[in-house]
Amino acid sequence: QMQLVESGGGLVAPGASLTLSCKASGSNLNTYSVAWFRQGPGKEREFVAANKRSGGSTIHYADVVKGRFTMSRDNAKNTIYLQMNGLKAEDTAVYYCATGARLISSTLRLPSYYDYWGPGTQVTVSS
């Protein structure tokens with residue numbers, strides 16, 4: 001059983017940067033595909049970024065964050081990160097990390113295919 005805990009959220013002004021972390025315990029991250037999702041107020045959970053277990057350094061990004069967000073993982077620390085630059089008001093959401101053991105390329109962006117989720121961390125972008 002894997003446990004995930006996100007941290008690093010907060011209130012920032014438009015244009016600012018934040019780095020979120022997701023610490024895993026109970027299992028090794030290197031055997032899982034990992035992802036970030038977010039859920040804004042009144043919206044459904046949406047895909048942000050993912051790295052497939054067998055995908056090496058390839059990171060898949062949602063178009064709305066491409067070029068501004070960077071996802072990485074440190075298997076030695078059992079932690080994944082989301083560096084967010086150029087934050088906009090529409091990035092306001094609860095951000096979740098998730099892991100899955102049986103994901104393939106066509107399911108990476110679908111939250112229902114992930115096995116484990118963190119409780120989320122709030123990111124608010126406001127002036």
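Keep in mind that what you see is a predicted model, and the values were worked out from it rather than measured.
Taking the salt bridge (charged side-chain N to carboxylate O under 4.0 Å, His left out) definition, one finds that K66 meets it with D63, sequence neighbours left out. Residues forming a side chain to side chain contact (heavy atoms under 4.5 Å, CB included) with V5 (at least two apart in sequence, or on another chain): none. D91 pairs by the side-chain hydrogen bond (donor to acceptor under 3.5 Å, both in side chains) definition with R38, R68, not counting sequence neighbours. Checked against side chain to side chain contact (heavy atoms under 4.5 Å, CB included), E44 has no partners two or more places apart in sequence or in another chain. Residues passing the ring-ring contact (aromatic ring centres under 6.0 Å, His included) test with F37, sequence neighbours excluded: F47, Y114, W117. Every residue was checked against the salt bridge (charged side-chain N to carboxylate O under 4.0 Å, His left out) condition with D74, not counting sequence neighbours, and none meets it. Scanning for ring-ring contact (aromatic ring centres under 6.0 Å, His included) contacts around Y81 gives an empty result, with sequence neighbours left out. Among residues two or more places apart in sequence or in another chain, the side-chain hydrogen bond (donor to acceptor under 3.5 Å, both in side chains) test is passed with N75 by R73. Residues passing the salt bridge (charged side-chain N to carboxylate O under 4.0 Å, His left out) test with E90: none are found, sequence neighbours excluded. Not a single side chain to side chain contact (heavy atoms under 4.5 Å, CB included) links A89 to another residue, sequence neighbours left out.
Y116 and L110 are assigned to two separate hydrophobic clusters, defined by single-linkage of ILVMFWY side chains at heavy-atom distances under 4.5 Å.
Contacts classified as disulfide (SG to SG under 2.5 Å) and involving residues 98-127 (residues at least two apart or in different chains) are not found.
Exactly one residue among Y61, W36, Y96 makes a side-chain contact (heavy atoms from CB on, under 4.5 Å) with V48. That residue is W36.
Y95 is listed as a side-chain neighbour of M84, based on a closest heavy-atom distance under 4.5 Å. Here the side chains of R53 and L103 are not in contact, with every heavy-atom distance at 4.5 Å or above. Counting only heavy atoms from C-beta outward, the side chains of L29 and I80 approach each other to under 4.5 Å. Looking at F69 and L82, their side chains come closer than 4.5 Å, going by heavy atoms from C-beta outward. Q122 places a side-chain heavy atom less than 4.5 Å from the side chain of T124. Between M2 and N28 there is no side-chain heavy-atom pair separated by less than 4.5 Å.
Residues K52 and S105 have side chains that bring a donor and an acceptor to within less than 3.5 angstrom of each other.
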Assess whether side-chain contact (heavy atoms from CB on, under 4.5 Å) is satisfied between R102 and T107, documenting all intermediate values. CA-CA 9 Å; R102 291 170 296 275; T107 61; over 6 Å; no

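Closest of all the heavy-atom pairs between P41 and T92 is CD-O, 3.9 Å. When every heavy atom of A49 is checked against every heavy atom of I59, the shortest pair comes out as CB-CG2, 4.3 Å.
Summarising the geometry, atom OG belonging to S112 is positioned 11.5 Å from atom CZ belonging to R45; distances are rounded to the nearest 0.5 Å. We find the CG-OG distance between L87 and S126 to be 12.0 Å, quoted to the nearest 0.5 Å.
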Pair up each side-chain donor or acceptor in residues 12-24 with any protein partner under 3.5 Å, not counting sequence neighbours, and list the distances.
from, atom 1, to, atom 2, distance (Å)
S17, OG, N85, OD1, 2.9
T19, OG1, Q83, OE1, 2.4
K23, NZ, K77, O, 2.6

